[in-house]
Participant: 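Please find one structure pasted underneath; my questions will follow.
In the text below, chain A, chain B and the rest are named by the order of the sequence lines, each starting its count at 1.
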Amino acid sequence: MEDFFKSIRFKILLGVLILLVFFMLRAAWTGGVAPVLPQVAGVVVTPLQRVSSSISRIAGDYFVRYIEAWQTAEENERLQTEVNELRQQLVELENYREENENLKGFLEIKERNPDFEFEPASVTARDPNDRFYSFTIDKGTLDGVSPNDTVLTAAGLVGRVKEVGLNWAKVLTILDPSVNVGAYDNRTRDTGIVTGAVDLAGLGRCKLAYLQRESGANAGDLVVTSGGSIFPQDIVIGRIAEIAYEKGEISLFAVIEPAADIRSLTSVMVIKSFAGQEVPADDE
Amino acid sequence: MTNKKPIYAAKYCSYIVFIIILFVLQTTPGFLTVMDVKPNFVIPAAVCIAMREGEFLGGLYGAFVGILCDLGGFNLFGLNAILLLIAGVACGLLTIYLLRPGLFNFLMLLAAVLLTRSLLDYLLNFLMWGYENVWMVLAYRILPGVAYSLVAAPLVYLFYERLYRFFQQKLEG
């Protein structure tokens, strides 16, 4: 083993290690901007991920339909081919309908907020090590996406962009405890901070923290963003599922059922710019 | 000896393609997801390569796998690369001096690598920040993820062994 530590190979490995430490320090220093190495790797890997996620989506849709078609086939084998064709068309129609509904929702948001500049994106990857349903999308700096841009669906807020490459961006969701969103109860106007919680993330929920003890917020109330330099105002976050006391009973918090189905998203919109947006000097 | 160079080049390139395919599969949304837990395929591949190719290539491929993990992950870039470079060197050296390359030893080494990496991830990204109920991340996400990766790892081992033997036959022939 001593031979190894004296060999040129060990020195090469040490060189690689030093290079990686340099990249890590650079990544820590630059925050949301990805260093050169992942930029290059992203250019290679993102198109492959886009293809594999599309295949996975189509296969998933197909097998769901296939199970239904199989039951029909037992009753009438003669019509199997026709049924499969019709079901394939149905899948396509459902995709169109879903897309249509999404676009309608975005159109409504756009009509209410003409200053919003949208960029549609597909979810291309979900990391097996992530605990809060964060994901990667297929749009990056080439499409005008930048760190801290708001990500949403027609239903409501999803999260914010954490890191951007040329053709990809990583999105942190509101289920993540490191994401904080200023928000208020649409009925009572009580304000608080929407953030993730470890115990709620698994259920696809987040919480509205720092509500005053005297708050009149109740289950069923709609929670929307209060606006700021990162998130635009009045974006729907979700509905209050329950109210509880924080530890020490100093304040209340509300468990929120997000309006967007964050755990199974396939497509999102990125708000590239809006009136009042500021680019913070450092990533949060 | 000279005519074997293209075979070595093909072998090392095929390892890279093998790892990239595994990475694309492991990050594909919904692929082999069970109760929101997904297996990691690329770390088993790095351990396989380290066991067969020794500490030098083990370290280099470990670093490559780590870069991919950092690319897909949401933590500080470079941490996985450094950890897996060291893990690759360690697995290579252990296989040379102490262990035989085999499925059981592969699973033992892999368990050690996955647990070390996961516990460091838990310590640096969760425990240190003092989130409430942080143990739930360990109990419901990290440890099941390690277990699932270990269960799925023999498949990666099997594919890698076929690839390795294919090139060994070419080199010996």
Participant: Please check if atom OH in B:Y140 has more than 12 non-hydrogen atoms from other residues, nucleotides or ligands closer than 6.0 Å.
Facilitator: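 Check fails, neighbour count at 12 or below.
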Participant: Which heavy-atom pair separates A:R126 from B:K38 by the least distance, and what is that distance?
Facilitator: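 So the two residues come closest at O-NZ, 3.0 Å.
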Participant: Given a strict heavy-atom distance threshold of 4.5 Å, which part of B:F56 is in contact with chain A: side chain, backbone, both, or neither?
Facilitator: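 Backbone plus side chain of B:F56, per the 4.5 Å heavy-atom cut-off to chain A.
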Participant: A:F135 versus chain B, heavy atoms under 4.5 Å apart: side chain, backbone, both or neither?
Facilitator: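 Just its backbone gets close to chain B.
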Participant: Pick one of side chain, backbone, both or neither for B:L68, based on which atoms fall under 4.5 Å of a heavy atom in chain A.
Facilitator: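 Looking at B:L68, just its side chain touches chain A.
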Participant: So which bits of residues 142-159 of chain B come within less than 4.5 Å of chain A, counting non-hydrogen atoms only?
Facilitator: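 The list, in residue order, reads B:I142.
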Participant: Suppose the criterion is side-chain hydrogen bond (donor to acceptor under 3.5 Å, both in side chains): which pairs have a residue in residues 98-116 of chain B, not counting sequence neighbours?
Facilitator: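 Sorted result for residues 98-116 of chain B: empty, none.
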Participant: Enumerate the salt bridge (charged side-chain N to carboxylate O under 4.0 Å, His left out) contacts for residues 150-163 of chain B, please, sequence neighbours excluded, ordered by first and then second residue.
Facilitator: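 Every pair satisfying salt bridge (charged side-chain N to carboxylate O under 4.0 Å, His left out) with a residue in residues 150-163 of chain B: B:R52-B:E161, B:E161-B:R165.
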Participant: If you apply the rule side-chain contact (heavy atoms from CB on, under 4.5 Å), what do you find for B:T28 with A:T124, and how did you get there?
Facilitator: CA-CA 7 Å; B:T28 299; A:T124 54; over 6 Å; no
Participant: Taking every heavy-atom pair that is under 4.5 Å apart, which of B:A63, B:G59, B:A81 has the most such pairs with chain A?
Facilitator: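 Highest number of heavy-atom pairs under 4.5 Å: B:A81.
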Participant: Measuring heavy-atom distances to chain A, does B:I20 have an atom under 4.5 Å in its side chain, in its backbone, in both, or in neither?
Facilitator: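 The side chain, not the backbone.
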Participant: Answer yes or no: is there a side-chain heavy-atom contact under 4.5 Å between B:L79 and A:L20?
Facilitator: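 A side-chain contact is absent here, since even the closest heavy-atom pair is not under 4.5 Å.
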Participant: Given heavy-atom pairs under 4.5 angstrom as the criterion, report whether the side chain, backbone, both or neither of B:V37 touches chain A.
Facilitator: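 When you check distances to chain A, no heavy atom of B:V37 falls under 4.5 Å.
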Participant: Atom CE of A:M24 and atom CG of B:D70: how far apart are they, to the nearest 0.5 Å?
Facilitator: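 The CG atom of B:D70 is 9.5 Å from CE of A:M24, to the nearest 0.5 Å.
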Participant: Is it true that atom OH of A:Y210 has more than 12 heavy atoms of other residues, nucleotides or ligands lying nearer than 6.0 Å?
Facilitator: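 Atom OH in A:Y210 is not packed in, count stays at 12 or less.
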Participant: By salt bridge (charged side-chain N to carboxylate O under 4.0 Å, His left out), which residues pair with B:D121, not counting sequence neighbours?
Facilitator: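 Once residues adjacent in sequence are excluded, the partners of B:D121 under the salt bridge (charged side-chain N to carboxylate O under 4.0 Å, His left out) criterion are A:R131.
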Participant: Under 4.5 Å, counting heavy-atom pairs only, tell me which of B:G78, B:G66, B:S118, B:C69 racks up the most with chain A.
Facilitator: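 Sorted descending by pairs with chain A, the first entry is B:G78.
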Participant: So which of A:V16, A:I12, A:V198 has the largest heavy-atom pair count under 4.5 angstrom toward chain B?
Facilitator: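 Most pairs with chain B among the choices: A:V198.
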Participant: State, to 0.1 Å, how close B:L85 and A:L13 come at their nearest heavy-atom pair, and which atoms those are.
Facilitator: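 It is CD1-O, 4.2 Å.
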